[in-house]
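Report on the following structure.
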Amino acid sequence: MRVRFAPSPTGHLHIGGARTALFNYLYARKSSGTFILRIEDTDEDRSTQESVKSIYESMRWLGLAWDEGVMADGTEKGAHGPYVQSVRESQGIYRKYADGLIAEGRAYRCYCTPEELDETRKKAQLEKRPLIYGGRCRNLTEEQKKEFEARGRKSVVRFRMPDTGFTGWHDSIHKDVKFENKLLSDFVMLKTSGYPAYNFACVVDDHLMEISHVIRGDDHISNTPLQICLYNALSWALPEFAHLSMILGPDGTRLSKRHGATSVGEYRKQGYLPETMKNYLALLGWSTTDSQQIFKKGELEEKFDLKGCQKSPAIFDPVKLAWMNGEYIRLLSREDMLAFSMPFIKESGLDPSASKIPLLDIVALEQEKCKLLAELPGKIEFFFKDPVYNPEAVEKTLKAPEVTKILNGIKEAYAALAEFKEAPVEAATRAFAKANGYKAGQVFHPVRVALSGRAEGPTLFRMIEYIGKEESLKRLDKALTLI
RNA sequence: GCCCCCAUCGUCUAGCGGUUAGGACGCUGCCCUUUCAAGGCAGAGAUCAGGGGUUCGAAUCCCCUUGGGGGCGCCA
């Protein structure tokens, strides 16, 4: 069993592409098959090497290791290479099959210019006919061809579609699908540049690479009959086809930039864990029969199945994604939490050496409530630098009655502490409250705001211990001036 | 315009002829609690898009309508 993910490197790996890659990967792992990565860079204008790099990186980050294709070090692995279409083109692979089909009369050279094609499309539109290529160049005489060439006309190679009958297949997800041949266009196999067009390159490579299951987005459903006709013309066996439902934005339209982040890299930057993305994406269009939500390491690889795939499109829900990220963050060990947080802390410019407390301990303070790693530095920054006093918190909590008295009293109590640790600080704080007839909360809240600048934060007395005695006293003084 | 695909709580979904239509996110309330979260418990939320059939019986099978999505490139 062999599957492939075949992105075109015209940008970053987006959510839809990642989901397709993931399903291919999971299906390969589940069936002990081979997962191949092929680069479809036949769009000469838009393909870039940076995109290739970016796609590799996103896939590696997601943990979608491929068995064949161009590997991390740039070398190719696998016996069915090369795995980059532009390289395959330079070896004449596609031309060879195109020539064969022309010789058999299954394909032909077409001399129509883009302008002429535009013209016929417009006409078809007006006459309310299907917008398909009508086969103007299908039966040119040798003389006509020579004339075109003498005039310097460039040509493409088109596939001659059957005029009658239907082309259909049994899709692993959509069951039986069929199209009427006469409504399908003689599609381009080779462009004027000699480069193969998608439908042709895809079929040739899938066959040569012995792909057994083509799992792709269902925006390719209408390409499938064209490709099947090609397989037939070349007398090649068909692979299984499985067309995955689309992923839509919250407004039900195709996921795009205006819905926010669309690429895997952007989610990484926001502080989503790779396991979160993998798990969430898996649930977009697939489910187990018991609707399991969270999967342990390796469990998806074990449970994934084409049978659980959904036919209907799924709307991408950032809120649920964020919830799931919180779940995965809580599952992290303290050490892993620190490791995943580190890039975000560095990025924020915080200086961990500004505190005597190990960063590990400070980060652990926020782990269980953290949803996005990118939010973490903001939550812990007051451990490393002067607090920024939240105006609302100052107004509501610091300017409450008695607060001046309370903070002065607390200052005295803290100054007298020999051991500035969580337990003694708590004991001292509670003792002060009790001795002066304050309710616990009446003291705790202003102290929190005075020391951190905000109304919410980590468990109070641990927080105070971590801020340290000297700094705490300093901040109490500062807060007193704000009242 | 033509072709194709799809249709269960707001969202992701289970269901595959007989269920009180189940779970998850979100939402509401309560508990826990120094705050914010997290966690625990409870709850609201779906006449299964609508209409016809088939059947003793339909969310499940068939047809039509409506709605949504995709495709109709020398892009993939």
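Throughout, a chain's letter reflects where its sequence line sits, starting with A, and its residues are numbered from 1. Hydrogens, waters and symmetry mates play no part in the numbers below; they use all other heavy atoms, side chains included.
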Output one line per pair: protein atom, nucleotide atom from nucleotides 39-43 of chain B, and distance, for all N/O pairs under 3.5 Å.
unit_1	atom_1	unit_2	atom_2	d
B/G39	OP1	A/Glu327	OE2	3.3

So, A/Arg475 and A/Glu471, do they make that salt bridge, N to O below 4.0 Å?
-> yes

So which nucleotide from B/C2, B/C74, B/C6 ends up closest to the side chain of A/Lys311?
-> B/C6

Looking at the side chain of A/His445, which of B/U34, B/A76, B/C75 is the nearest nucleotide?
-> B/U34

Using a cut-off of 4.0 Å between protein heavy atoms and nucleotide atoms, how would you tag nucleotides 8-13 of chain B 5' to 3' with B, S and -?
-> ---SBS

So do A/Ile464 and A/Ser472 actually touch side chain to side chain, heavy atoms under 4.5 Å?
-> yes

Of residues 366-376 of chain A, the positions that come close to RNA chain B - non-hydrogen atoms, cut-off under 4.0 Å = A/Glu368, A/Lys369, A/Lys371

Pull out every residue in residues 182-189 of chain A that has a heavy atom closer than 4.0 Å to any atom of RNA chain B, ordered by number, or say none.
-> A/Leu183, A/Val188

Distance-only side-chain donor-acceptor flag, A/Asp171 / A/Trp169, under 3.5 Å = yes

Quick one: is B/G1 close enough that its OP1 or OP2 comes under 4.0 Å of any side-chain N or O from A/Arg121?
-> no

Would you say a side-chain N or O of A/Arg430 is under 4.0 Å from OP1 or OP2 of B/U34?
-> yes

NA contact type, A/Thr253, heavy-atom cut-off 4.0 Å: base, sugar-phosphate, or nothing?
-> sugar-phosphate

For A/Lys369, the side chain to side chain contact (heavy atoms under 4.5 Å, CB included) test, sequence neighbours excluded, returns A/Glu366

In residues 431-439 of chain A, what donor-acceptor pairs under 3.5 Å come from side-chain atoms, sequence neighbours left out?
unit_1	atom_1	unit_2	atom_2	d
A/Asn436	ND2	A/Phe432	O	2.7
A/Tyr438	OH	A/Glu402	OE1	2.9

